[in-house]
Amino acid sequence: LKNATNALPKPSQCEYFDYGDARLNKRCEYMLELLPQNAGKTLRQALQERKDYEVALRFFDNDLVSPEKILEPHLEATRARCAGEELVAVLQDSSDLDYDYLDVEGFGSMHPGVDQGFRIHPSLVITETGLPLGLVGYQAYTREDDVDVPKKHRNSLPIEEKESYRWLEGYRHASYLAQALGRDTTVVSISDREGDLYEVLKEAEGAQAGSAADIIIRAQHNRCLNEPAMEYRLLEEKLHRLDPLLQARLTVNRGRSNEREACVNIRACQVSILAPATANKKRTGSVTCNAVLVSEVDPILLQSEEPKDKRKRSGNAGLYWVLITTMPIDSVVEVERIVDLYSSRWQIEVYFKVLKSGCGIDRIRFQTKERIENYIAFSLLVAWRVMLATYLPREHPDVPCTVLFTETEWKLAYLKIYERAEALPLQPPTLMEATRMIAQLGGYHKRKTQPGITTVWRGLSKLYDIVYGYELAERHKRILERS
Ligand SMILES: [Mn+2]
């Protein structure tokens, strides 16, 4: 095992904040023990005993408890887990939560049609092989009233006052990590089109010197170039004039019903991007970085009868990425690496799926904003650990399963699956064997493929119910045996 995986907490232990209050610390520890065991259920279902639910509410209501404090020790531990890696990717993205069904004070209007919204924006770190190491940053907010400010005016606001500021903040979380890790570890901040901000490109100039994180950002704007001697003016124009460097196959819409393989052409070159002009400001300066164009060779669906805007909405318009990056493009291998890294961005979508479908953060039934915010912060930890339980065995199938599970847990899983007590092994099974057993509890049966995230979290949830039942029986053994 690498450094990073050695430092991983077991499901029943996690870094937690020292609130300077023994009772509160105890409650926090208790909560952290309870919640990870119950992914896939709402809190009310998860905390089976009434007293547990009340402990949770008292904890969330305490003035000393906040999302920052719940997460702080985890953010620090994640940074430590990154040390020793040659490269880590920081995936940042937003997800909007709609709480219109609740009657809670303090949430603002998010979009037309969503009156009580909340936006979360985590920065999740993964290794190049896809192992999630945890969060290094988290932002959450509800929109203020400036939704009505005209767009033209909003564009000329200072970046700190814009909503898009979260992307710059997210980038700074990655840069902070890059500084902390030094030159031995490359930190790449990855974001989709929403994160295409000139301010980020500008700060990423420090990546060469090691004072900032590298970037791979999918471009939203066809930016003007600062290359006066050339006949092209725009980013995409320059890219399209290049000969393809290579062809590759990529999986599109991974994990969704319309998943498919795409054959793409890849082109790359250096570009000098002009600062954008805004209503009250002239263009000043430019940034030199690299650009990669990934475009589908022959998108079958492009020729279909479906109207273009509909195809776009369903994601069938053909793969087309313009990537802006500070990573080197000197060889085919380096360019392929950029495309592969951007492709791994789908992992943050998996994370959101676990948070919503698994931890139920989009169907919370609390009465106060504070409870909701604190519950989400806990869920961020829970969802990460579910991901870890899914991806760690893929990377380290043969380590003993005790890196993630207790003796009681794997033994009960074994007994439930095989029902042959006499065959119970003396040594713990490997991590992959244990994970397959646990996923079977969650409905996994395809022996040829590896267990996916949904069967793992359902299996974990079921396993912890079994463990709970076992412990309950142990605790009341005398009474149960009296008859
Ligand atoms: Mn996004």
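All values derive from a computational prediction rather than experimental measurement. All residue numbers refer to positions in the sequence shown, counting from 1. Every heavy atom of this structure was used, including side-chain atoms; hydrogens, water molecules and symmetry mates were not. Start at 1 and go down the list; that is how both ligands and their atoms are numbered.
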Problem set entry | Glu349/Lys353 ion pair, N-O < 4.0 Å | no

Problem set entry | Carboxylate-amine/guanidinium proximity below 4.0 Å for Arg218 and Asp196 | no

Exercise. Shortest non-hydrogen contact from Ser94 to His121?
Worked result: OG-ND1, 2.6 Å

Problem set entry | Heteroatom count (protein N, O or S) under 2.8 Å of the Mn ion (ligand 1) | 2

For this session: Flag the pair Lys369 and Glu373 as a salt bridge only when some basic side-chain nitrogen lies within less than 4.0 angstrom of an acidic carboxylate oxygen.
Result: yes

Problem set entry | Cationic N near anionic O, under 4.0 Å, Arg166 to Glu194 | yes

Exercise. When you check the gap from the basic side-chain N to the acidic O, do Glu86 and Arg337 get nearer than 4.0 Å?
Worked result: yes

